[in-house]
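The figures here come from the full heavy-atom set of this structure, side chains too, leaving out hydrogens, waters and symmetry mates. Being a predicted model, the structure only gives us computed values, none of them experimental.
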Amino acid sequence: MERIVIYGAGVKGIFLNRLLKNKSEYLLGVKGTVLYFCDSYKKPGTYIDGIEVICLDQLKQLENKVDRIVISSIQYADEIQRRLIDAKIETDVYVIPEYVFQFAWNEEDMPFYIKFDLNKPRLPYLEIKIVEHCNLKCKGCSALANIKEPKNMEISQFESSLKRLKELFWGIKDLKLFGGEPLLHPELEQFVRTARKYFPDSRIVIHSNGLLIPKMEKSLFDLMKEKDVTFEFTQYPPTGLIKRKIIKVLEECGIEYKFRDALYEFQKVINVDGDYDAEEVYKTCCNCINLIEGTLSCGVGWLVKGLEEKYNTVICEDKFQNSIDLFHTQLDGWKIVDILHSPFHLCKYCAFMNRNDMDKRMMKWECGGPFALSDWIYTAKEGESYYE
């Protein structure tokens, strides 16, 4: 009989306890019994759902009597992992992914629980560009999809990248498939399957402009529902025109979605002077780490690189200072996270996160060319223009 402690005595912990009472052999592959709840915010010695609550110090003392610790909510897994590391816990630790609470697990790629290595971190956020091109040609596109040649990521490259990421991180909290326009990829369903296979812990999102939703095959939506994958839409003016149609399609298929606020303006995103305070800019950074061409980095570096190549210019010399070559690094996951989430040279050029001079660089959203370097870059020096 396996001895289990559930970490987290909230609603999900109670749900998990009741599920394991009669189903532990089916769910875990072994018979088990829940000995305690461990919780950092509940009073030790109290009882919840008939189970005694203990604190982390007590768990450490009882560790040789416990076979498995199961974290009930993946939302707090990172915080709990740090506490378990600090307490030098050596018992096997598992976490329950979110889809379990929707009764959506299976034996193939959505396990009931996920075992993770306390010696590896979880990557907080990752965007993977699976297409370069788009069905819109927005002036000042931050992905350069308006000036890029059509190109799709190969599924073999995607899978090899996820395998390597799995060696470095036990999970990825938020994993986003984007472009360009990801709905243009002819193998999108395979990307969804592969992402869920390697990262059952992730909140997986397809980021789209939504315009192709009414034309997509129902098989994509069925697969997304099965694999617990959601949509996020940038609400450009053309998206707003068919928003009700998009919502109707998705709700009929039971797909979760989110629309960002309506967008009528773009901002020029690169301050060519490079005179921002990197530390100050980083304070408002959204830390949207990208995986492009096998490299983990801030996405702004790839934006600058693309503009330099397109317009035969030099904007920033050291744009990949804090980047990681995924397949050639000797660093562990902890060090990679530290590097990726710290200010560096390119922050001095990044107007994405600088709120102080937005009035100088906002422009009306427009679709279609001609396109110019000035669509993306500007000088913060008052009274001057750049490449006009």
Side-chain angles (χ1 to χ4, degrees), residues 4-20 27-28 34 36-43 48-49 51 53-56 59 68-87 89 91-106 109-127 165-166 168-177 195-207 224-232 255-258 260 286-289 333-334 337 340-341:
I4 301 168
V5 170
I6 296 176
Y7 202 121
V11 173
K12 290 180 178 177
I14 294 171
F15 173 94
L16 179 60
N17 177 51
R18 294 178 181 179
L19 204 55
L20 292 177
L27 298 173
L28 302 178
V34 177
Y36 302 101
F37 282 117
C38 181
D39 198 288
S40 302
Y41 302 101
K42 307 289 184 183
K43 185 177 180 180
I48 294 177
D49 206 34
I51 302 293
V53 176
I54 61 173
C55 65
L56 186 54
L59 175 60
R68 185 188 302 245
I69 299 169
V70 183
I71 300 172
S72 61
S73 176
I74 203 162
Q75 179 181 356
Y76 302 106
D78 306 327
E79 176 186 345
I80 293 171
Q81 180 182 6
R82 288 192 294 270
R83 291 176 180 169
L84 294 175
I85 291 172
D86 290 343
I89 295 293
T91 305
D92 287 345
V93 180
Y94 298 77
V95 63
I96 303 299
E98 193 63 31
Y99 54 72
V100 165
F101 299 100
Q102 303 172 30
F103 294 91
W105 68 87
N106 61 51
D109 56 2
M110 298 173 71
F112 177 79
Y113 60 89
I114 303 167
K115 182 179 180 180
F116 67 89
D117 186 345
L118 288 178
N119 296 310
K120 294 180 183 179
R122 190 184 191 199
L123 192 62
Y125 181 93
L126 184 64
E127 295 182 354
L165 287 164
K166 197 69 174 181
L168 295 165
F169 309 100
W170 73 260
I172 300 174
K173 187 173 184 179
D174 288 290
L175 178 57
K176 181 174 289 188
L177 307 181
R196 181 54 76 203
K197 172 185 173 183
Y198 285 95
F199 289 99
D201 68 293
S202 294
R203 175 181 173 265
I204 301 175
V205 174
I206 298 173
H207 194 151
M224 289 178 63
K225 185 175 181 181
E226 176 188 339
K227 302 304 180 187
D228 192 29
V229 176
T230 66
F231 274 117
E232 183 173 338
I255 302 297
E256 291 187 23
Y257 60 88
K258 172 187 174 182
R260 292 188 172 186
C286 58
N287 296 126
C288 49
I289 300 304
W334 298 102
V337 169
L340 293 174
H341 295 85

Taking C-beta and beyond as the side chain, do [X] and [Y] meet within less than 4.5 Å on heavy atoms?
X	Y	value
I51	I6	no
V205	K258	no
Y7	V95	no
I54	C38	yes
F169	R122	no
I289	L123	no
I204	D228	no
D201	W170	yes

Check [X] against [Y] and note the closest heavy-atom contact, atom names and distance.
X	Y	value
G333	P121	C-CG, 3.4 Å
L175	A195	CD2-CB, 4.0 Å
K115	Y94	CB-CE2, 3.3 Å

Roughly how far, to the nearest 0.5 Å, is [atom2] of [Y] from [atom1] of [X]?
X	Y	atom1	atom2	answer
E127	L177	CD	CG	10.0 Å
I89	R83	CD1	CZ	13.0 Å
D86	L56	CG	CG	8.5 Å
L16	I96	CG	CD1	5.0 Å
K12	F101	NZ	CZ	5.5 Å
L84	L118	CG	CG	6.0 Å

Quick one: does [X]'s side chain have a donor or acceptor within less than 3.5 Å of a partner on [Y]'s backbone?
X	Y	answer
D117	N119	yes
S72	G8	yes
D78	Q81	no
E98	Q75	no
K120	K166	yes
D109	P200	no
D39	A9	yes

Next on the checklist: Quick one, H207 with R260, criterion side chain to side chain contact (heavy atoms under 4.5 Å, CB included). Give me CA distance, side-chain angles, the key distance, then yes/no.
Outcome noted: CA-CA 10 Å; H207 194 151; R260 292 188 172 186; 3.4 Å; yes
Next on the checklist: Let's go through R203 and D174 carefully: what are the C-alpha distance in whole Å and the side-chain angles of both, what is the deciding distance for salt bridge (charged side-chain N to carboxylate O under 4.0 Å, His left out) to 0.1 Å, and is it a yes or a no?
Outcome noted: CA-CA 5 Å; R203 175 181 173 265; D174 288 290; 3.3 Å; yes
Checklist entry - Do F116 and F199 make the cut of ring centroids closer than 6.0 angstrom? => result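 Distance test on ring centres: not under 6.0 Å, no.
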Checklist entry - Just wondering, are more than 12 heavy atoms of other shown residues or ligands nearer than 6.0 Å to CD in E79? => result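 Atom CD in E79 is packed in, count exceeds 12.
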Item to check | side chain to side chain contact (heavy atoms under 4.5 Å, CB included) between I255 and F231, worked out | outcome: CA-CA 8 Å; I255 302 297; F231 274 117; 3.9 Å; yes
Item to check | ring-ring contact (aromatic ring centres under 6.0 Å, His included) evaluation trace for F15 with F103 | outcome: CA-CA 12 Å; F15 173 94; F103 294 91; 5.6 Å; yes
Next on the checklist: Can you see whether Y99 has R196 sitting over its ring - NZ or CZ less than 6.0 Å from the centre and within 45° of the normal?
Outcome noted: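 Because its charged atom misses either the 6.0 Å distance or the 45° angle limit, R196 does not stack over Y99.
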